[in-house]
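Bear in mind the structure is a predicted one, so any value in this text is a computation, not a measurement. Just so it is clear: chains get the letters A, B, ... in the order the sequence lines come, proteins before strands, and each one is counted from 1.
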Number of protein chains: 2
Amino acid sequence: MVTSGTPEKDTRTQTVLRAEDPRSPATISDVARLAGVSKTTVSHVLSGRRPVSDATRAKVNRVIEELGFQQNFFATGLTGRRTQTIALVVQDLTNPFYPALARGLQQTMAEHGHVVLLADVGAGVPPVGAFLSEAVQRRVDGVVVAAIDISDEQIEPLRAAGIGVVTVGDPRRRTTTDVISSDDERIAADAVAYLHDQGHRRLGIVSGPPHTAPGAPRLAGYRNALRAHGLRPLKAAETTGDWTRESGAKAMTALMDLERRPTAVFCANDLMAIGALDAARVLGLAVPGDVAVVGVDDIDAASLVSPALTTIRVPAQDIGRVAGEQLMTRIGTPTGPARRVLVQHSLVVRESA
Amino acid sequence: MVTSGTPEKDTRTQTVLRAEDPRSPATISDVARLAGVSKTTVSHVLSGRRPVSDATRAKVNRVIEELGFQQNFFATGLTGRRTQTIALVVQDLTNPFYPALARGLQQTMAEHGHVVLLADVGAGVPPVGAFLSEAVQRRVDGVVVAAIDISDEQIEPLRAAGIGVVTVGDPRRRTTTDVISSDDERIAADAVAYLHDQGHRRLGIVSGPPHTAPGAPRLAGYRNALRAHGLRPLKAAETTGDWTRESGAKAMTALMDLERRPTAVFCANDLMAIGALDAARVLGLAVPGDVAVVGVDDIDAASLVSPALTTIRVPAQDIGRVAGEQLMTRIGTPTGPARRVLVQHSLVVRESA
DNA sequence: AACACCCCGCAAACCGGTTTGCAAGCAAGG
DNA sequence: CCTTGCTTGCAAACCGGTTTGCGGGGTGTT
């Protein structure tokens, strides 16, 4: 600001009406004084917990406007019950599934005027317990848990504190919280049905760890679907990976070594499917000519590999959205039976099958 | 606890010493009463702002332990200055660069006992202004801005509120805040040097938007490097994309249409480079045989495409770490000259060049 | 005119900490 | 024996809101 210097004090802010110290934010007392009413009345205007006459309300609102008054977050939190804050705990942000989930959740919560605390607990920093206890201390309204490593016991303190909890991705294990997840058995069934449609009769699977969340149901769905189509699940054609690309390549190699090798392979996620493509290339097998491959998730990379991956799309962002909506209703009614929501998937046909 | 029932009141929690309501958390008054001292003394034990005798401190600490007392976040925040909270504003979580950044930042902040508020402002929800004002209201200690859409004017209120600000990725535009970024001119120079080493003499570029953050310096670096190697930058061989895969394909097609078409193309990010690979495939050109391609970022997908992308790796997670460290020192000393930190990149040679 | 009732606003207590001013206890110094 | 100064702890005010109990004034009923 290039002006002639005023020797005394510069009035650099434009808050004309502020009577006291112009640099600290306006308080409810300032509003009350300038509006000629009591703090109580201002508070009632703000919260609407008791009726206030139109004239008074208008006057108060005008002063609030002029002063740019905002309620002090901490003063409100000291007595109030809600903090308009939720926490999101994810397993590993570098896995593309979670950022998409986070984005959907964050948008939904923002629409409801809530703010999101984020913790990626995959690397052990912060420790799960420490973060959850922070969340309790900060009186978050709710928590979305999208991290398979977290047990019911670790969640218990949240529920004890009256905090809404929604978990993502583990429909069998959680008995006490709302759960949002993909319909994992049907995902596997749909993949098998598609491959069967394409004429494949000898199928194999690269499953996830068989006792964890999406691993078990996808394996079960695969087996059931085979039987439903009159095929017999062969133990030999069931391999296991740990969701990584490398494990997928290894499992695929094993499958291709079989006497009667499968003509189509269902991989329980895209990263392992991409690994399977790696293995096929190394072995000199054409995809889908010699062997077809189907994945699950539809991560961005699925369309980048060559051949582009046919996959079952699991809409992570929508899951985040749904988790947010569910959390909002859960915050409203903390008790009540746990709800399970299955989010719809869809088949994305590309080149690999 | 299986004991004979005491008819009067059940002591279901194990907090033997709690006198009052056993279900609401312990307060500092509880601690004071049980320790036989005043609130003041307990507060001093907690904060260490005044000396307390060893005996008293031990006694107080024991009671704190027994009660599981934790300071009320809101009561502390009402008077105290620090909230152990920072905000992270990112442009678009579905761009793999940002989750990696977020992870690094979050880990660093967790090590310092801070919690991260996350906002993805790419979709306009929440609006930037609204989120930043929320951050001010919640008295965050600092903000990391990793969103190119945010202007200095929008950041000003933060600085006015004494909040530390660190921006990521825009070393020229920000004059008032600390900036962490990649060394974009040298990234381009290194890419050009590598291609020159490989014998390429006719180069082209798919640049980013020429007036935005990493777009301009990478283009400038490319031009300067050409001259440094005795080559003349050709306007015709300078195309522009908007960081997306599709725009990269389009730009590449234009380059390949040139009379004297480049034998090597530098793409200002990986997504556009992948688009360039798409275009080359469509045109029936072999990479790197007919034309070499180099990208920037080293996103996960870079190793998935075929041919695998040779690229300049920009360590997003490290940038997050560095931003966190810088923010911590900035929180400690709010004033002082703005600092710029350039994070080291590295060349990752794969198949495309 | 008397009574009940509702509407509206205020003063004061309270949430759970932090911070300040003061004083008692004690050891060292003169 | 009397200062001086340091250590240690307390009571009370304060941060900025929310909530409760109460009373004055206006309206409707009998």
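- The closest side-chain heavy-atom distance from Thr94(A) to Arg103(B) is below 4.5 Å.
- Checking each of Glu111(A), Gln106(A), Gln326(A), Gln107(A) against Arg321(A) for a side chain to side chain donor-acceptor pair (under 3.5 Å) leaves exactly one that passes, namely Gln107(A).
- Ser38(A) comes within 4.0 angstrom of a nucleotide base, judged by non-hydrogen atoms across all strands.
- Between the side chain of Lys39(A) and the base of dG16(D), no donor-acceptor pair under 3.5 Å is found.
- Across the protein-nucleic acid pair, Asp30(A) atom CG and dC15(D) atom C1' stand 13 Å apart, rounded to whole Å.
- Here the side chain of Pro51(A) is nearest to one of dC8(C), dG16(C), dG9(D), namely dC8(C).
- Looking only at distances, a side-chain donor or acceptor of Asp120(B) sits under 3.5 Å from a matching main-chain atom of Leu93(B).
- Nucleotide dT18(C) holds its P atom 6 Å from the CG atom of Leu46(B), rounded to whole Å.
- Within 4.0 Å (heavy atoms only), Phe69(B) reaches sugar-phosphate atoms of the nucleic acid but no base atom.
- For DNA chain D, no neighbouring residue in residues 131-140 of chain B is found when judged by any heavy atom under 4.0 Å.
- Proximity of Ser43(A) to the phosphate of dT18(D): a side-chain N or O atom is located under 4.0 Å from OP1 or OP2.
- Residue contacts shown for Val37(A) are limited to sugar-phosphate atoms, with no base heavy atom under 4.0 Å away.
- Residues Glu156(B) and Glu153(B) form no side-chain contact, since every pair of their non-hydrogen atoms from C-beta on lies 4.5 Å or further apart.
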Using the 3.5 Å cut-off, write out each protein N or O paired with an N or O of nucleotides 20-24 of chain D and the distance between them.
residue, atom, partner, partner atom, Å
dG21(D), O6, Arg50(A), NH1, 2.7
dG21(D), O6, Arg50(A), NH2, 3.4

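- Within the 4.5 Å cutoff, side-chain heavy atoms of Val168(B) are placed close to those of Val144(B).
- One interatomic measurement links the two molecules: CZ of Arg33(B) to C1' of dC10(D), which rounds to 17 Å at whole-angstrom precision.
- In this structure, Ile28(B) atom CD1 and dT19(C) atom P are separated by 11 Å, rounded to whole Å.
- Inter-residue side-chain proximity for Thr177(A) and Arg159(A) is flagged as met; some heavy-atom pair is nearer than 4.5 Å.
- The phosphate of dT18(D) (OP1 or OP2) has a side-chain N or O of Gln71(A) nearer than 4.0 angstrom.
- Between Thr56(A) and the phosphate of dC8(C), there is no side-chain N or O to OP1/OP2 separation shorter than 4.0 Å.
- For the salt bridge (charged side-chain N to carboxylate O under 4.0 Å, His left out) test, residues two or more places apart in sequence or in another chain that qualify with Arg82(A) are Asp141(A).
- dG16(D) atom C1' lies 12 Å from atom CZ of Phe74(A), rounded to whole Å.
- Using a cut-off of 4.0 Å between Lys/Arg side-chain N and Asp/Glu carboxylate O, Arg339(B) and Asp178(B) are scored as not salt-bridged.
- At dC15(D), none of the side-chain N or O atoms of Thr79(B) fall inside 4.0 Å of OP1 or OP2 (strictly under the cut-off).
- Between Thr41(A) and Asn72(B), the residue whose closest nucleotide on DNA chain C is further toward the 5' end is Thr41(A).
- With axes fitted over five pairs at each extremity, the angle between the ends of the helix from dA1(C)-dT30(D) to dG30(C)-dC1(D) is 50° (10° resolution).
- Counting heavy atoms from C-beta on, the side chains of Leu105(B) and Ile319(B) never come closer than 4.5 Å.
- Partners of Glu134(A) by salt bridge (charged side-chain N to carboxylate O under 4.0 Å, His left out), not counting sequence neighbours, listed by chain and number: Arg138(A).
- In this structure, the nucleotide among dG16(D), dT19(D), dT19(C) sitting nearest to the side chain of Leu78(B) is dG16(D).
- Exactly one of Ile28(A), Thr27(A), Ile64(A), Leu46(A) qualifies for a side-chain contact (heavy atoms from CB on, under 4.5 Å) with Gln71(A). That residue is Leu46(A).
- When the side chain to side chain donor-acceptor pair (under 3.5 Å) test is applied to Ser53(A), the partners found at least two apart in sequence or on another chain are Thr56(A).
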